[in-house]
Amino acid sequence: MANKNKKTVENFKSESSPPTGIQVVLREFKKDKLAMFSFLGIIALMVAVFVIASWIIDKEAVMKINLIERFTEPGVSGYILGADEAGRDMFGQLIIGAKNSLLIAIAITILANVVGITLGIIMGYYGGFIDNFFMRIIDFFITLPTLMIIIVVVTIVPKYGITELIFIIAAFQWMSTARLVRSKALSEARRDYISASKTMGTSDFAIMFKGLLPNLSSLLIVEVTLNFAGNVGIETGLSFLGFGLPPSTPSLGTLISYAMNPIILSSKWWIWLPASILILVLMLGINYVGQALRRSADAKQRLG
Amino acid sequence: MGFVSTKELLTIRNLRTSFRIKDTFYPAVDDVSLTLRKNEILAIVGESGCGKSTLATSIVGLHNSIHTKVEGEILYNNQNLANLTEVQFNKLRGNDIGFIFQDPLSALNPLMRIGEQIAEGLIYHTKLNKKQREARVLELLEQVGISNASRVANQFPHQLSGGMRQRVMIAIALSGKPAIIVADEPTTALDVTIQAQILDLLKSLQDEIQSGIILITHDLGVVAEIADRVAVMYAGEIIEEAPVIELFRNPKHPYTRSLLNSIPQTHSENEKLEIIQGMVPSLMKLPREGCRFSSRVPWLDESVHEKNPKLHEVGPGHLVRCTCWQHFYFEDKEGSVNG
Ligand SMILES: Nc1ncnc2c1ncn2[C@@H]1O[C@H](COP(=O)(O)OP(=O)(O)OP(=O)(O)O)[C@@H](O)[C@H]1O
Ligand code: SF4
Ligand SMILES: [Mg+2]
């Protein structure tokens with residue numbers, strides 16, 4: 001007993017510190033089995049997709065038109081998930097499509113968040129005129145009819161592919177991040193440790209990105225994760241509507257859009273259903289992870 | 001007590017720092033003139049809200065030029081700090097001037113290791129390489145009395161005790177071997193025994209590095225212990241300034257006297273605590289002309305007040321605002337501390 005007491009006192013002395021960010025996140029995931037499962041599942045899925053798409057599947061072979069094998073059913077003559085109307089392997093297309101969709105979503109997330117976070121920190125740190133100026137620009141961008149502009153651009157840009165799609169979507173995705181980061185940076189930049197850094201003669205740039213940025217990290221991780229889930233959805237939605245990628249570049253969206261053909265929708269389920277399930281699983285899973293992260297970033301909502 | 005040189009390190013002349021509130025600038029520090037000499041501890045005392053921190057942050061240029069106007073002269077090395085640009089200031093701060101904050105927990109970056117935070121100034125102001133900086137960090141930590149320096153350098157602020165954190169803050173302020181150290185209530189956030197240790201540390205460090213220290217506090221006990229000279233502030237103005245012994249022996253202004261009388265005296269328990277009723281009015285409510293102190297002494301006869309009370313020299317190095325303290329002297333002689 002005495003021994004135990006002594007130990008608690010010791011612990012209290014040296015480790016009376018609040019748990020670090022990673023410990024909190026781990027605890028939250030232990031409490032929330034669904035988020036834990038989603039996290040592991042998504043990582044495994046993504047790794048599998050990238051490995052299979054890059055090294056195992058031959059893209060040329062998958063996309064080769066083979067009319068004899070038209071609408072082969074799943075499981076027949078080596079087609080795990082059947083074939084489409086041109087006789088192309090659906091499993092291969094699904095994997096390549098998933099890889100494209102994920103890459104696009106990742107690229108959009110990185111691009112939009114780098115812009116949003118940088119701008120948000122600058123606005124929050126300087127405040128005043130700079131803040132007001134960019135706030136007006138953000139307000140302007142938010143009022144724009146995003147979908148319409150994307151559709152117009154897609155229609156008029158002649159050479160339209162993955163890169164163009166990424167830039168157009170990212171152009172309308174940075175504002176909410178910028179606003180969120182700005183509001184947090186605004187309060188964080190008024191803290192003493194920022195002034196203390198100034199009294200050391202540290203430049204504004206170093207203070208913003210070496211001192212302040214890490215202190216926003218819990219917020220940023222949540223924001224980036226949830227944005228990522230959203231961006232997987234956006235690309236799919238656009239492709240589904242026919243404004244995303246051309247059919248020659250498979251993505252989850254283009255695969256699902258085959259369902260617009262009533263015959264395929266009703267009797268050729270293997271063409272659109274796997275892609276739909278995959279996108280659903282991806283978005284839900286990433287969302288669960290994001291929400292668990294959000295809870296661990298906010299002490300009031302924590303489960304564990 | 002160390003030898004105070006006569007050389008003036010820092011000369012503040014007619015400093016006025018005003019904050020913008022709804023498009024009007026209200027002075028939180030008004031017409032303050034002070035000098036700091038080498039190897040001297042100049043204490044600035046006053047109630048909460050009287051502008052002590054504003055004065056301190058004006059010296060290190062922490063004010064944002066859009067919301068705050070800093071006018072007057074803060075002369076250091078033939079430069080007027082009130083007019084420096086951010087880039088010029090960055091050359092001075094952390095090198096010539098060190099700053100110690102009141103609450104070390106909030107003044108240390110929670111996600112940066114102690115060692116990195118101390119090294120921050122060294123990166124910008126010295127040509128030391130990484131190895132040399134690390135060695136210097138350990139040296140600084142030892143200088144401020146932290147024994148297991150290499151361990152502490154690798155820890156985060158929340159892993160240290162309050163006293164250790166303040167020692168770290170002091171190490172940071174010392175890292176550039178500054179000529180001037182500004183300490184804004186460096187002991188207020190600490191408990192009493194630690195306060196004494198931190199004050200001892202400041203005092204002994206000063207003997208070592210011979211810099212001038214501006215020590216801001218509302219604790220006259222602290223002043224009595226380590227200051228050489230004291231300036232008493234009220235509502236943004238200096239109302240009395242004197243060498244420390246003179247101020248304690250012979251306080252003139254009624255406000256100073258009430259501050260002195262309101263130090264709890266533990267040895268004579270039946271002595272009454274004396275305070276002047278009320279508090280420093282908020283910036284927008286301060287009288288724009290006439291004496292700012294008059295609202296605290298409503299019982300005084302109107303004829304006693306001066307229109308624009310000035311500082312008068314009443315003894316060597318002893319300045320008092322207004323001449324009417326003489327009236328006071330008679331009025332509350334019974335409660336006087338003089339004697
Ligand atoms: N950024 C600001 N904007 C507007 N008013 C301010 C600002 N900072 C301080 N003030 C006002 O200026 C006055 C002086 O404040 P200051 O913080 O300098 O007082 P202080 O003497 O340091 O008080 P304390 O002992 O509580 O630290 C107060 O009335 C305060 O409300
Ligand atoms: S007596 Fe002098 S210092 Fe006191 S309130 Fe009147 S004018 Fe001000
Ligand atoms: Mg203060």
Side-chain angles (χ1 to χ4, degrees), chain A residues 9-25 121-133 184-221 297 299, chain B residues 20 53 56-57 59-67 86-112 116-126 151 155-161 168-169 172-173 175-176 178 181-182 184 189:
Chain A
V9 170
E10 287 265 293
N11 273 346
F12 190 71
K13 251 193 188 155
S14 58
E15 306 301 336
S16 68
S17 52
T20 62
I22 293 177
Q23 284 167 333
V24 172
V25 171
I121 287 184
I122 292 175
M123 289 165 73
Y125 179 79
Y126 286 108
F129 169 75
I130 294 179
D131 184 29
N132 276 330
F133 176 75
K184 188 78 200 300
L186 207 55
S187 66
E188 201 68 22
R190 290 338 159 256
R191 301 262 307 266
D192 276 352
Y193 72 88
I194 298 293
S195 304
S197 245
K198 279 190 204 163
T199 66
M200 295 317 297
T202 312
S203 68
D204 284 347
F205 183 83
I207 296 179
M208 281 190 275
F209 295 101
K210 274 164 71 186
L212 197 114
L213 181 62
N215 283 288
L216 304 177
S217 54
S218 58
L219 174 89
L220 296 181
I221 291 170
Chain B
R20 181 159 78 182
S53 297
T57 44
I59 297 172
V60 287
L62 286 184
H63 290 296
N64 153 329
S65 57
I66 300 168
H67 295 287
E86 200 75 352
V87 176
Q88 290 169 317
F89 239 127
N90 281 344
K91 291 209 186 98
L92 282 182
R93 289 188 290 216
N95 199 25
D96 295 48
I97 306 178
F99 197 91
I100 302 172
F101 284 80
Q102 168 170 350
D103 178 4
L105 182 58
S106 65
L108 291 169
N109 189 331
L111 295 181
M112 238 194 227
E116 289 174 62
Q117 303 200 42
I118 300 176
E120 203 175 323
L122 301 176
I123 297 177
Y124 299 107
H125 301 299
T126 64
R151 207 186 94 198
Q155 285 180 312
F156 290 97
H158 69 256
Q159 295 171 301
L160 305 183
S161 68
V168 169
M169 272 314 296
I172 292 176
S175 65
I181 296 175
V182 181
D184 188 1

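Predicted, not measured: the structure shown is a model, and the values here were computed from it. Every chain is numbered from 1, with letters handed out A, B, ... down the list of sequences.
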B:Ser175, part contacting chain A, at a heavy-atom distance under 4.5 Å: side chain
Minimal non-hydrogen separation, A:Lys198 against B:Glu86, with atom names: CD-OE2, 4.2 Å
Nearest heavy-atom pair of A:Asn215 and B:Pro110: which atoms, and what distance? OD1-CG, 3.1 Å
Looking at A:Gly127, A:Ala206, A:Gly211, which has the largest count of heavy-atom pairs under 4.5 Å with chain B? A:Gly211
For the student: nearest non-hydrogen atoms of A:Phe129 and B:Ile66, plus distance: N-CD1, 4.3 Å
Considering non-hydrogen atoms only, spot the tightest contact between B:Ala107 and A:Ala196 and give its length. O-CB, 3.3 Å
Just give me the residue among B:Ile172, B:Val60, B:Asn95 that pairs up with chain A most often, heavy atom to heavy atom, under 4.5 Å. B:Ile172
What part of B:Leu111 is in contact with chain A, defined as an atom under 4.5 angstrom from a non-hydrogen atom: side chain, backbone, both or neither? both
One option among B:Phe89, B:Phe101, B:Phe99 has the most heavy-atom pairs under 4.5 Å with chain A, and it is B:Phe101
Determine yes or no for a side-chain-to-main-chain donor-acceptor pair under 3.5 angstrom, with A:Asp192 supplying the side chain and B:Ser106 the backbone. no
Shortest non-hydrogen contact from A:Met200 toward B:His125: O-NE2, 3.0 Å
Non-hydrogen atoms of B:Tyr124 and A:Gly201 that approach each other most closely: CG-O, 4.1 Å
